[in-house]
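Residue numbers start from 1 in every chain, and the chains themselves are labelled A, B, ... in the order their sequence lines are given, proteins ahead of strands.
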Amino acid sequence: MRRRIYIMDDRYSPEKVEPRWQEYWEKNHIFRASEDQSKKKYYLLEMFPYPSGKIHMGHVRNYTIGDVVARYKRMNGYNVLHPMGWDAFGMPAENAAIDNNTHPAAWTYDNINTMRNQLKKMGFSYDWEREIATCSPEYYRWEQWLFLKMLEKDMVYRKESYVNWCGHCQTVLANEQVEEDLCWRCGEMVQQKKLWQWFFRITDYAEDLLLHCDKLPGWPEKVTVMQKNWIGKSTGSEISFKIEGRQNDIAGEGCIKVFTTRPDTLFGATFMCLAPEHPLVESLSRGTDQEKAVAEFVEKISRQERSSSAIENYEKEGVFTGAWCINPANGRRMPIYTANFALMEYGTGAVMSVPAHDQRDFDFAKKYNLDIVVVIQPAGEVLDASTMAQAFSAPGVLVNSGQYNGMPNDKAMSQITDWLEREGLGKKTVSFRLRDWGISRQRYWGTPIPVIHCQSCGVVPVAESDLPIVLPEDAHLLENGGSPLPTLDFFKKTDCPKCGRGDAMRDTDTMDTFVESSWYFIRYCSPGCTSAMFDKEAVKYWMAVDQYIGGVEHAILHLLYSRYFMRVLNTLGLIDFKEPFTNLLTQGMVSKETLKCPEHGYLFPEEAQISEGKAACRKCGSEVEIGRVIKMSKSKKNVIDPNDLLNKYGADITRLFCLFAAPPEKGLEWNDDGVEGCYRFINRVWRLADRCIDITQGVVPYTGPLSELSDSDAKKLYTKAHQTIKKVTDDIEGSFHFNTAISAVMELVNAMYSMDFNTDQPDMPQMSPQIKSVAAFCIRNIILLLSPIVPHFAEEVWEYMGKFVVKGDSSQGTDIYKVQGADESQGENIDNSGELDKMNGIIGQLWPVYREDALVTDEILVVVQVNGKLRSKFSIDAQSSDDFIRQTALADEMVQKHIADQPVKKVIVVRKKLVNIVV
RNA sequence: GCCUGGGUGGCGGAACAGGUAGACGCAAGGGACUUAAAAUCCCUCGGAGCAUAGCUCUGUACGAGUUCAAUUCUCGUCCCAGGUACCA
């Protein structure tokens, strides 16, 4: 007579189970990582969050994906580093401080506490002992230290330049932080302002960053493509055009240098365009009839809105400067214009215009009635400048080009450049779109830039021994949003470290917060290191990050900056690698429709009553406009608070649901209809486990070869189980497609349910020992396969299954004692002497391995088509020959019916799968 | 405009070295159990038609093509999302 040792609850109750295991993991430091040379390391990292208040659905999705991989790798024997921290500097803290009359630090640390608790409730397997917050002096002192090192090596410099200025945030923005000429944070129109700024020479690494884009096989191609486009390398030539009437001074004011990617069209250049800010514009027009017109034009452009929506509507326009230059190829006099489409920031700020072969130049020439000269003829066609309707920019053969006539244009490209080089009129050159990274911010809540401005000595670096330059805490945020640092004399006024003058000034700017996130992953390797930025040995062991996971929205900025920073550290001899992230998974964004009430503006989903495609405001009853489905954002209020889901269903079901909804790289339109199904599935497994414990007590799980099983149901189930192990492993390993992995486990669960495991009769139907043994194997593997996804649930079931048991009152503690395996016939013998082992529980189990021999079935299903249409199917012995399968198919009744009397032209047999009969 | 991805049932999504389209789940409908409900279990479920244990036609954004066979490959068209843009 069987006796149950313990009875499982009716259902999985997260509120009871989840805290218990979380406590167990924490108490036993299960996820503490330490360097162990004897084990293969695996550094898994998810992009750390900005502590904005509460975690959101995007975090939950991101971190769930990461956690599953971390737990999976751990079960595969890796020594896993899985840290978490906070990207804690930034503007929202300042804004919140002003709004709530608090301090950015207080607000930030409050949020960190809230969010840490939320993450802990999700059961993520972080090594919390490595937690870092970038706003702590222990962290940013090393950023300041690196800044000084970079200053020493001239990798950072100061220049006065026009910067993007957001009037609302009172701060400078990097080019990358300007989205379509609007502030990326607040959406305010960006203006231009001239300030002294610190810049990182990222352009020194443009070539290297570009080159290695093709050496990142673990990155999604779309990300490397985006980075390549961002770096924007173009190869071409720099050509000098002499200015008519000036000294033949090639190097100086006597000529205009242009950058062109089409030196082959040089003979077709008929006019010149300079950017309105080009230094020559003013001097060229001075004293000519055009002087006034040019000055007005330049003035007008400088005032013009720079928003892209406005730019799109701008017509290409320009003004003749009154001066001429000479085409070095043919001596042609070319009028010099200043034009609104010429950009000072790109190339040399001057464009040689070839209207016949560039559409923009063509439009401009037509507008101002300028000469068009065809210099490239396509094969089998004759272009006529006077009748052309648009520019011709495809390959062809040169004409009107002196000695180069008849030459294919790609060949002419290098020949003309060579000639220019010989004449000293030009050279091969490369131009990048990427600009140096301006990092100065006129903000308070950031890393202070460690330099001092002395009236005698100029810019003087802070002494290394004076680091960190701590951000003063007793600062009051200014109402207008500006930084209080310049107003704090005790911070600002200091002695010059070089000459000792007492009236030196500290730099009151702080660094762009992207600087902190460019190296946090390396700090995680030795977060407590007080003697250096990082411990070299620890970094050597852990870096690079094996798998990085985060939102695709960081494809350019953060990822490019991080790659750049590793190059800087490499150049400084601090590390021996260049690429921080070996593999990258960019998860799709979580989106939802927006709701807008005419009375109350944007509404949170719970503020509206939605039925049958219409929505009404709960406050005023007005009809609510249901907007487009866009990325969840606080400002649009189309957000779902994960807490609701977490409170109702617990961590595991939330995790399961997030993964089951869609593959990770895909965008996810939020809809929680499916969550009930996940809840049902978990309880289905729960009951199945309970049943299996009952049925398989004292039964050893079968793990042998398939061929030693004789019971046909047992064989089928055994095969299914091994197929499931393979499928789940492949799905995780290959592409992180957890949705299909979960489906596969569901199938196995369904297969077991169809075998009477659910019948609740007091006397079980006589099950063969083989089935019982295979069932024991199945349930064990179901739990193992699900354990990275639903870890609390898995631990609980695993324990119940008799491998481990909690002794005594679990509310008093979670001491877990190893018991003699219940599957070894004496299930009831509890071994109280067992020492607590930190790898007890499912967390210490190895990932299941499938047997090749168990994957194949005895019988296979063959489908039969006639003329490509499905007409019949039959099962047949898997060993059957192709010929036998063909004969069987032809003999099939349904097939015969469709063949009728027609002669069979051809029979195609696809091995073990399909027969197609062509008549 | 350019560069990436995508368009498959009522819904989320499966299946692409070409080989049963719709796995798995949700929603829906029916049934069992129950005094009843919940929970659970079982069945049906792209569309249309018919002589309805079944069979036929049709169907993966649209139009062509290659092939014995196309959601999958090729060409063209139309939408959607993300990135990027006077870049010479």
- Item | OP1 or OP2 of B:A39 under 4.0 Å from side-chain N/O of A:Arg680 | no
- Query: Side-chain N or O of A:Arg11 less than 4.0 angstrom from OP1 or OP2 on B:U40?
  - Reply: no
How long is the line joining [atom1] of [X] and [atom2] of [N], in whole Å?
| X | N | atom1 | atom2 | value |
| --- | --- | --- | --- | --- |
| A:Lys233 | B:A88 | NZ | C1' | 17 Å |
| A:Arg433 | B:A88 | CZ | P | 10 Å |
| A:Lys367 | B:C86 | NZ | P | 18 Å |
| A:Gln359 | B:C87 | CD | P | 12 Å |
| A:Asn683 | B:A38 | CG | C1' | 14 Å |

What's [X] touching, base or sugar-phosphate or nothing? Going by heavy atoms closer than 4.0 Å.
| X | answer |
| --- | --- |
| A:Lys222 | sugar-phosphate |
| A:Gly318 | nothing |
| A:Val910 | base |
| A:Lys905 | nothing |
| A:Gln865 | base |
| A:Gly232 | nothing |

- Message: Centre-to-centre under 6.0 Å for A:Trp670 and A:Phe657, is that the case here?
- Response: yes
- Nearest-nucleotide comparison on RNA chain B, the residue closer to the 5′ end among A:Lys913 and A:Gly347: A:Lys913
- Query: A:Gly667 or A:Val675: which one's nearest nucleotide on RNA chain B is closer to the 5' end?
  - Reply: A:Gly667
Measure all distances between protein nitrogen or oxygen atoms and nitrogen or oxygen atoms of nucleotides 54-61 of chain B, and list the pairs falling under 3.5 Å.
unit_1 : atom_1 : unit_2   : atom_2 : d
B:U56  : OP1    : A:Arg871 : NH1    : 3.3
B:U56  : OP1    : A:His898 : NE2    : 2.8
B:C57  : OP1    : A:Arg871 : NH2    : 3.3
B:C57  : OP2    : A:Arg871 : NH1    : 3.1
B:U58  : OP2    : A:Lys869 : NZ     : 3.2

Go through [options] for me and flag the one nearest to the [X] side chain.
| X | options | value |
| --- | --- | --- |
| A:Phe341 | B:C86, B:C68, B:A85 | B:C86 |
| A:Val863 | B:C42, B:U84, B:U20 | B:U20 |
| A:Phe660 | B:U20, B:C86, B:C24 | B:C24 |
| A:Asn750 | B:A88, B:G25, B:U20 | B:G25 |
| A:Arg360 | B:C86, B:G19, B:G12 | B:C86 |
| A:Trp230 | B:U84, B:U40, B:A88 | B:U84 |
| A:Arg684 | B:G13, B:C41, B:A69 | B:C41 |
| A:Thr260 | B:A88, B:C87, B:A69 | B:A88 |
| A:Tyr753 | B:C41, B:C3, B:C68 | B:C41 |

- Task: State whether a side-chain donor-acceptor pair under 3.5 Å links A:Tyr679 with A:Arg11.
- Result: yes
- Item | Chi class for B:G9: syn within 90° of 0, otherwise anti | syn
- Does a salt bridge link A:Asp731 with A:Lys727, judged by any charged N lying under 4.0 Å from a carboxylate O? yes
- Query: Within the modelled atom types, does a donor on one side and an acceptor on the other bring the side chain of A:Lys906 and the base of B:C68 under 3.5 Å apart?
  - Reply: no
- Do A:Asp673 side-chain and B:C26 base share a donor-acceptor contact under 3.5 Å? no
Expressed in whole Å, how much space separates the [atom1] atoms belonging to [N] and [M]?
| N | M | atom1 | result |
| --- | --- | --- | --- |
| B:C75 | B:C11 | P | 30 Å |
| B:G12 | B:A81 | P | 16 Å |
| B:G25 | B:G46 | P | 15 Å |
| B:C26 | B:G63 | C1' | 35 Å |
| B:G47 | B:U66 | P | 33 Å |
| B:C79 | B:U67 | P | 32 Å |
| B:U74 | B:C2 | C1' | 23 Å |
| B:U77 | B:C24 | P | 39 Å |

- Task: Kindly state each residue pair satisfying salt bridge (charged side-chain N to carboxylate O under 4.0 Å, His left out) with at least one member in residues 353-365 of chain A, sequence neighbours excluded.
- Result: none
- Item | Pairs touching residues 653-667 of chain A that satisfy salt bridge (charged side-chain N to carboxylate O under 4.0 Å, His left out), sequence neighbours left out | A:Asp67-A:Arg655
Could I get the full list of ring pair (Phe, Tyr, Trp, His ring centres under 6.0 Å) partners for [X], not counting sequence neighbours?
| X | value |
| --- | --- |
| A:Phe241 | none |
| A:Phe681 | none |
| A:Phe341 | A:Phe364 |

- With sequence neighbours left out, write down each residue that passes side chain to side chain donor-acceptor pair (under 3.5 Å) with A:Thr261, or none if nothing qualifies. none
- Item | By side chain to side chain donor-acceptor pair (under 3.5 Å) - contacts of A:Lys897 (at least two apart) | none
- How far does OG1 of A:Thr321 sit from OH of A:Tyr337, to the nearest 0.5 angstrom? 9.0 Å
- Item | Interatomic spacing from CD1 in A:Ile416 to CZ in A:Arg262 - rounded to 0.5 Å | 10.5 Å
- Return the residues of residues 738-747 of chain A meeting this criterion: a heavy atom under 4.0 Å from some atom of RNA chain B. Order them by number, or give none. A:Asn739, A:Thr740, A:Ser743, A:Met746, A:Glu747
- Message: I need the single residue from A:Thr224, A:Val552, A:Leu216, A:Leu559 that forms a side chain to side chain contact (heavy atoms under 4.5 Å, CB included) with A:Leu584. Which is it?
- Response: A:Leu559
- Task: Using the test side chain to side chain contact (heavy atoms under 4.5 Å, CB included), find all partners of A:Thr270 that sit at least two apart in sequence or belong to another chain.
- Result: A:Arg332, A:Pro355, A:Asp371, A:Val373
- Nucleotide-level pairing of RNA chain B, given in dot-bracket where Watson-Crick and G-U pairs need both distances under 3.5 Å and | marks other strands: (((((((..(((......[....))).(((((.......))))).(((((...)))))..(((((..]....))))))))))))....
- A:Arg563: partners by salt bridge (charged side-chain N to carboxylate O under 4.0 Å, His left out), with sequence neighbours left out: A:Glu579
